[in-house]
Number of protein chains: 2
Amino acid sequence: MFSIGELSKRTKVKIPTIRYYEGMGLLAAPERTTGNQRRYDAAGLERLSFIKHARDLGFSIDAISALIELQDHPDRSCQAATAIAAGQLLDVRAKIKRLRTLEKELVRMSKGCDGDGVSQDCYVLASLADHDLCAHEH
Amino acid sequence: MFSIGELSKRTKVKIPTIRYYEGMGLLAAPERTTGNQRRYDAAGLERLSFIKHARDLGFSIDAISALIELQDHPDRSCQAATAIAAGQLLDVRAKIKRLRTLEKELVRMSKGCDGDGVSQDCYVLASLADHDLCAHEH
DNA sequence: ATACGATCTCTAGTGGCTAGAGGTTCAAGA
DNA sequence: TCTTGAACCTCTAGCCACTAGAGATCGTAT
């Protein structure tokens, strides 16, 4: 049995965030001391670790709720979990794609400008003002 | 002189967003009709296009404010604008790096799981539960 | 004159936390 | 046993960049 501070240290999840997860129903409300303080056990630690890990991988709270549902009902098929992970992968890939386009554009923008001169001639500002100067759609 | 709806159509920025930008001080408050409706001119259109373009490239509202400041004071050096763009580039690259790590991990996770079997054996759920099954730090 | 779409302001909600106020409890040392 | 001080409690508000909705008013075409 350990306190919320201890749980926070072990999982590297901040204390208000732990309480927030509890409020959201992601994390079961733990036992309390007579003085109303939370006391966690190994199960709480495991679950929070799971949540932390999934958040680090970019899963939304909703997706994590769904995954936890699946965890708690081992009779259900693994397909659903795999589908959620696949969705997350698509999401991540779409974000990468978009960011790579932005990266290219920003590199192009910065190259055009040697950092001298005044703003009228600044390629960065000119590029932002006029989309036609862009090489890619974004 | 055109309405906010017209401006919205031309820039593809939604009407509430335009008003939000005005409230934030990004976009100058335009003239009004006697009936209190906003009426924009070419300058407003240009500025909003600039903002839209910068937002599409991922610049924060703060960064855009700074860029607009520079635009409005052409006597200042272009270096500042270039620095902001460089910062944005670093940001974008950091995000890409992180997402690529996530992508690898998600691919690895999904591959371990053939979609059959029940949750106890689900590699997706197992991987999330146990960080040690991960190949990369994230 | 009337209809009706466009606009107005204002408030509240989104996601995923984070910060702070103001009060209570726990645990270690004297 | 008492005291101190860190840790904890709840509650509200704030962050970013919008988005949605209510309820009222305006503009324009017929």
Side-chain angles (χ1 to χ4, degrees), chain A residues 1-27 29-40 44 47-48 50-68 84 87-88 91-92 95 98 102 138, chain B residues 1-27 29-40 44 47-48 50-68 84 87-88 91-92 95 98 102 138:
Chain A
M1 285 304 207
F2 39 90
S3 69
I4 196 169
E6 183 63 27
L7 184 65
S8 171
K9 254 180 226 153
R10 293 205 205 175
T11 56
K12 276 154 202 153
V13 175
K14 286 176 187 161
I15 290 173
T17 306
I18 295 174
R19 293 198 274 243
Y20 170 75
Y21 287 159
E22 185 183 321
M24 291 295 97
L26 265 194
L27 199 55
E31 286 178 46
R32 301 277 185 140
T33 63
T34 48
N36 202 34
Q37 297 195 358
R38 290 166 179 83
R39 286 297 175 270
Y40 295 91
R47 167 143 301 178
L48 184 55
F50 180 96
I51 295 168
K52 169 75 155 69
H53 195 182
R55 282 297 301 139
D56 284 349
L57 285 167
F59 287 88
S60 71
I61 297 288
D62 269 7
I64 295 172
S65 287
L67 289 168
I68 284 175
I84 292 172
Q88 179 59 19
D91 218 62
V92 165
K95 278 180 186 150
R98 173 167 162 71
L102 299 193
H138 42 256
Chain B
M1 286 306 202
F2 39 88
S3 70
I4 196 168
E6 183 63 26
L7 184 64
S8 171
K9 254 181 225 154
R10 292 206 206 176
T11 57
K12 278 155 201 155
V13 175
K14 287 177 186 160
I15 290 172
T17 305
I18 296 173
R19 294 198 274 244
Y20 169 77
Y21 288 159
E22 185 182 322
M24 291 295 97
L26 266 194
L27 198 56
E31 287 178 45
R32 301 275 186 142
T33 62
T34 48
N36 202 35
Q37 297 195 358
R38 291 168 179 83
R39 286 297 176 270
Y40 295 91
R47 167 142 301 178
L48 184 55
F50 180 96
I51 295 168
K52 170 75 156 65
H53 195 182
R55 282 297 299 137
D56 284 349
L57 285 166
F59 288 88
S60 70
I61 297 288
D62 269 6
I64 295 171
S65 288
L67 288 168
I68 284 175
I84 292 171
Q88 179 59 19
D91 220 63
V92 165
K95 278 180 185 148
R98 174 167 162 69
L102 299 194
H138 42 255

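Just so it is clear: chains get the letters A, B, ... in the order the sequence lines come, proteins before strands, and each one is counted from 1. Predicted model only: the values in this text are computed from it and were never measured.
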Between [atom2] on [N] and [atom1] on [X], what's the gap in Å once rounded to a whole number?
X	N	atom1	atom2	value
Tyr40(A)	dC8(D)	OH	C1'	11 Å
Glu31(B)	dC26(D)	CD	P	18 Å
Glu6(B)	dT28(D)	CD	C1'	15 Å
Glu22(B)	dT19(D)	CD	C1'	17 Å
Phe2(B)	dG27(D)	CZ	C1'	18 Å
Leu27(B)	dC18(D)	CG	C1'	15 Å
Ile15(B)	dC18(D)	CD1	P	15 Å

### Message
Among residues at least two apart in sequence or on other chains, which ones pass side-chain contact (heavy atoms from CB on, under 4.5 Å) with Met24(A)?
### Response
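Counting only residues at least two positions away or on another chain, Met24(A) forms a side-chain contact (heavy atoms from CB on, under 4.5 Å) with Tyr20(A).
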### Message
My understanding is that only residues two or more places apart in sequence, or in another chain, count here; which of them pass side-chain contact (heavy atoms from CB on, under 4.5 Å) with Thr11(A)?
### Response
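If we apply the side-chain contact (heavy atoms from CB on, under 4.5 Å) test to Thr11(A), skipping adjacent residues, the hits are Leu7(A), Val13(A), Leu45(A), Leu48(A), Ser49(A).
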### Sequence-aligned protein contact record of nucleotides 9-27 of chain C, with B where the base is within under 4.0 Å of a protein heavy atom and S where only the sugar-phosphate is
B------BBB------SS-
### Message
Quick one: does any side-chain atom of Ser65(B) pair with a main-chain N or O of Ile61(B) as donor and acceptor, under 3.5 Å?
### Response
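Checked: pair present.
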### Message
Could you work out, with side chain to side chain donor-acceptor pair (under 3.5 Å) as the rule, every residue matching Glu22(B), not counting sequence neighbours?
### Response
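Arg38(B).
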### Task
Can you sort out the partners of Glu6(A) under side chain to side chain donor-acceptor pair (under 3.5 Å), two or more places apart, ordered by chain and number?
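Residues passing side chain to side chain donor-acceptor pair (under 3.5 Å) with Glu6(A): Arg10(A).
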### Query
At under 4.0 Å, does any side-chain N or O of Ser3(B) touch on OP1 or OP2 of dT7(C)?
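True: Ser3(B) side-chain N/O within range (under 4.0 Å) of dT7(C) OP1/OP2.
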### Message
By the side-chain hydrogen bond (donor to acceptor under 3.5 Å, both in side chains) test, which pairs, at least two apart or in different chains, include something from residues 51-60 of chain B?
### Response
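Listed by first then second residue: His138(A)-His53(B), Lys52(B)-Asp56(B).
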